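Presented below is the structure to which this report refers.
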Amino acid sequence: MANQASGNLSGTVIQAETIDRVIVQAARERVAVGLAAPRPPACFVNRHGVHEKADRHRDRALAAGEPTLICFHGPGGVGTTGAATVWAGRHESEYPDGVRFLKLANPDLGERESAGESLGALLMSFGLDRDDIAPTADGRAAQLRDYGSDKKLMLVLDDVLNAAQVAYFRPAGAGCTVVVTSRWLLRDLGPDFGYVPVPPLETEYAHRLLGDLLLRHDIELTAEESEIVVRAAGGFPAAIELMACQLIGVSAGKKARFLRRLAEHGWDALDDDTKQLLVTHLDIAYGSLGEPAAGAYRVLAWHPGADFDVALATHMIGGDPDDAEDALDSLAHAGLLTVEDERCHFHDLAQAHARAKSDGPADELSRRIAEWYLDYTVTFDRLLSGRPRSGPLYRQPSRPLTITRADVLACLERERANLAGAVKLAEAAGHDDLVWQLCEALWGLYHLHGHYEDWITTHELGLRAAQRCGHAEAEMRMASQLGSAYLGIGELDRARECFQTSHGVAARIGHRQGQESALEWLGKIALQAGDAREALRCFDLAWAVADDSREFAILRLQRCRALLKLGEPAAARDEIMAAWHHFQPTSETDNKAKCQLELGRALAALGDVEAARAAYAEAERLFAEDGSERQRTIVEDLRNQLDNVQE
């Protein structure tokens, strides 16, 4: 668990006896999970014994020519992540191929990161192209093993729940190190792991940590006052930091009342259950709040993720925006919530504690959260594509935004985990109309960035929600979007079933465009299955129900691909040139790029290398302009292959 403080303090408390240097790893673009080290610590105190034990494990592994495998374990709030992070930082220079940090779970909320998404982000951080990454978690784990076989790299896996999670992140090279942090002693990691317990701070160092934290704010405690805090905290750095926050910026009278209450209340420890210690502290902080802030605490807890926008927080709280901001300030001051850079962040235990203060989110609150994210997603999705949508928000006038396509994708990517959580929250509350609308709006992000696990999980819910609503057009779209995700990971049978469902619904309600689209996708599935003749048959059926020039142009593009598979490049060239003549004067950059890509393939098959190279160059330029990096790299590879053949 990362130790953090709010209000006038921020940062992780990391324990170390002597500090020679501090290594700060700059944050990279977040693709699926954070890969950079936690933020720099506010203060350091002794963890020399812990680090010495980790060093002994590492020395033994190096001497044996084996990967270094270490598990730092201790209860929540004891500083396990801090101890591991500083140890990793001290050894960072010995891993020239990279040090990566991954938070694999949120134990107090019973949630974990998707192994597949985490592995995908990790592999991309090492330079693998998105399109080259295997679609399944097992496949990605194999790629990581292969990549690390001759590398010197370190992985820090934070907040691991069980050994099964770690199995995906085991590079085999002797120069590799895997550091696990966990709140439990994970004996089933195996005998090749070294286990390093992280105990509570000794009393001397607990006093030093408290004094160092408060000295930053010119606050001094008497020995008796410090003893009250240290005894209550039980040697847990996170608890000490949270307690320090209660003493910042308060009057002498309020400080005295707080310390008296703390001395009387204690920490109510049960079998060294550290979580309960922290929750008890949070009870004290919660009890110090006025009702507006306490109500806000209970409401915000039901946000589906720990990190969210301040604008959403004020929307969730409701009422006068100024009063909502005051409530956020009170929560930050109490150390129950971090508010900075227009973002709110819950300490994981604080969010669990806040949720325990109510029976669950009211249906109206769940709807407010889902509606906010729906409006957010639709606003940005409209800038990604003119693809037909069924949701009512798409029929309203769009808001004028001056923002690049790359920024649109970055905004959606930042909220991706929250968006998937909003779908699940709406589904749990029975707001089926919002479930499918959110899924529909997520198409642009999922399609362009290929987040297949989130895509499939949310759209399974979206399809069932549309069916429960009796909204046939929504069911048609959900089945199609889900089918395209299955096609993306090569699950052809499931993809075919989805598009057959979509086609059946479209035929039943007389939705011509839906029929044409489903038949086109069924043709694409046949093509991926290697049956180009069946693909052409599906495209011909789609042609029979198509009725505008754009649909015919799309089908020509698909027919070109099938004809190339059948070894008919001249016919393929004729089809794609007809499609190009349609798209060339339009603003559909994506389809123009696809036309140039297929034209390059046809020309290369006909032996016209120079013309093929020119078509590939134009396709690469257009895909880059469209922000489709996955497609751009495909073209780059084809162009390189063409150059190699010519040489």
Side-chain angles (χ1 to χ4, degrees), residues 1-2 4 6 27 29-36 38-39 76 101-118 121 158-159 161 296-317 328 331-332 336-358 360-362 365-377 380 410-429 431 434-435 438-439 441-442 445-446 449 451 453-455 457-458 461:
M1 175 177 66
Q4 299 185 40
S6 305
E29 178 182 357
R30 184 178 175 91
V31 179
V33 293
L35 298 173
R39 67 178 59 182
F101 295 77
L102 299 95
K103 187 173 179 66
L104 294 188
N106 192 333
D108 298 291
L109 300 181
E111 298 171 353
R112 67 186 68 188
E113 286 282 347
S114 156
E117 291 289 341
S118 300
D158 190 29
D159 264 335
L161 293 175
Y297 184 59
R298 295 190 298 270
V299 165
L300 295 177
W302 295 105
H303 182 272
D307 184 85
F308 48 101
D309 198 283
V310 166
L312 173 57
T314 58
H315 179 73
M316 290 174 64
I317 295 169
L328 291 176
L331 294 176
L336 298 172
L337 189 72
T338 299
V339 182
E340 61 182 13
D341 298 328
E342 296 302 312
R343 302 290 290 181
C344 297
H345 183 81
F346 260 118
H347 184 287
D348 53 359
L349 281 173
Q351 189 169 22
H353 173 263
R355 288 184 175 185
K357 297 298 180 183
S358 63
L365 175 61
S366 297
R367 189 166 192 90
R368 284 167 67 84
I369 296 170
E371 285 178 339
W372 193 91
Y373 277 118
L374 176 61
D375 181 73
Y376 179 94
T377 311
F380 290 118
C411 289
L412 290 171
E413 192 67 62
R414 182 184 65 179
E415 302 292 348
R416 183 174 61 80
N418 290 334
L419 292 168
V423 172
K424 297 170 188 175
L425 182 69
E427 196 271 343
H431 301 309
L434 297 178
V435 174
L438 273 165
C439 289
L442 283 166
L445 172 64
Y446 289 166
H449 282 185
H451 296 303
E453 291 188 39
D454 281 357
W455 191 346
T457 300
T458 57
L461 299 178

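Heavy-atom basis, side chains included; hydrogens, waters and symmetry copies ignored. The model shown is predicted, which means the values in this text are computed figures rather than measured ones.
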**OP:** Go through the steps for Thr377 and Leu445 under the test side-chain contact (heavy atoms from CB on, under 4.5 Å), then give the verdict.
**Re:** CA-CA 9 Å; Thr377 311; Leu445 172 64; over 6 Å; no
Original post:
Does some side-chain heavy atom of Val423 sit less than 4.5 Å from a side-chain heavy atom of Leu442?
Top reply: yes
Subject >> Exam field: side chain Gln351 to backbone Ala301, donor-acceptor pair closer than 3.5 Å >> reply: yes
Original post:
Are a donor atom and an acceptor atom from the side chains of His451 and Glu413 found within less than 3.5 Å of each other?
Top reply: yes
Subject >> Which atom of Asp307 lies closest to which atom of Asn418, heavy atoms considered >> reply: O-ND2, 2.8 Å
Original post:
Side-chain contact, heavy-atom cut-off 4.5 Å: Leu102 with Asp158?
Top reply: no
Subject >> Close side-chain approach of Trp372 and Phe308, heavy atoms under 4.5 Å >> reply: no
Original post:
Val339 and Ala332: which non-hydrogen atoms are nearest, and at how many Å?
Top reply: CG2-CB, 4.2 Å
Original post:
Is there a donor-acceptor pair under 3.5 Å between the side chain of Glu427 and the backbone N or O of Val435?
Top reply: no
Subject >> Student check: side-chain heavy atoms of Phe346 and Thr338 closer than 4.5 Å >> reply: no
Original post:
How far apart are the closest heavy atoms of Cys411 and Tyr376, and which atoms are they?
Top reply: O-OH, 2.9 Å
Original post:
What's the shortest heavy-atom distance between Ala426 and Ala370, and which atoms?
Top reply: CB-CB, 3.9 Å
**OP:** Could you check Tyr297 against His353 for ring pair (Phe, Tyr, Trp, His ring centres under 6.0 Å), going step by step and ending with a plain yes or no?
**Re:** CA-CA 10 Å; Tyr297 184 59; His353 173 263; 5.8 Å; yes
Subject >> Heavy-atom side-chain contact between Leu425 and Pro361 under 4.5 Å >> reply: yes
Subject >> Arg298 CZ to Lys357 NZ distance, which is reported to the nearest 0.5 Å >> reply: 9.5 Å
Subject >> Interatomic distance, Trp302 atom CH2 to Ser358 atom OG [nearest 0.5 angstrom] >> reply: 5.0 Å
**OP:** Please step through side-chain contact (heavy atoms from CB on, under 4.5 Å) for the pair Tyr373 and Leu312, ending with a clear verdict.
**Re:** CA-CA 9 Å; Tyr373 277 118; Leu312 173 57; 3.2 Å; yes
Subject >> Separation between OG of Ser366 and NZ of Lys424, rounded to the nearest 0.5 Å >> reply: 14.5 Å
**OP:** Would you check if Leu328 and Cys344 make a side-chain contact, meaning some heavy-atom pair closer than 4.5 Å?
**Re:** yes
**OP:** Indicate yes or no for a side-chain donor-acceptor contact from Thr458 to the backbone of Trp455 under 3.5 Å, with no hydrogens or angles considered.
**Re:** yes
Original post:
Minimum heavy-atom separation for Ala296 to Ile317, with atom names?
Top reply: CB-CD1, 3.7 Å
Subject >> Side-chain heavy atoms of His345 within contact of Leu337, under 4.5 Å >> reply: no
Original post:
CG of Leu438 to CG of Leu461: how many Å apart, nearest 0.5 Å?
Top reply: 11.0 Å
Original post:
Who are the salt bridge (charged side-chain N to carboxylate O under 4.0 Å, His left out) partners of Glu415, not counting sequence neighbours?
Top reply: Arg343
**OP:** Mind listing the closest non-hydrogen atom pair of Ile369 and Met316 along with its distance?
**Re:** CD1-CE, 3.6 Å
**OP:** Could you tell me whether the side chain of Thr457 and the main chain of Asp454 form a donor-acceptor pair under 3.5 Å?
**Re:** no
**OP:** Evaluate the side-chain proximity of Arg414 to Asp309: yes if any heavy-atom separation is below 4.5 Å, no if none is.
**Re:** yes
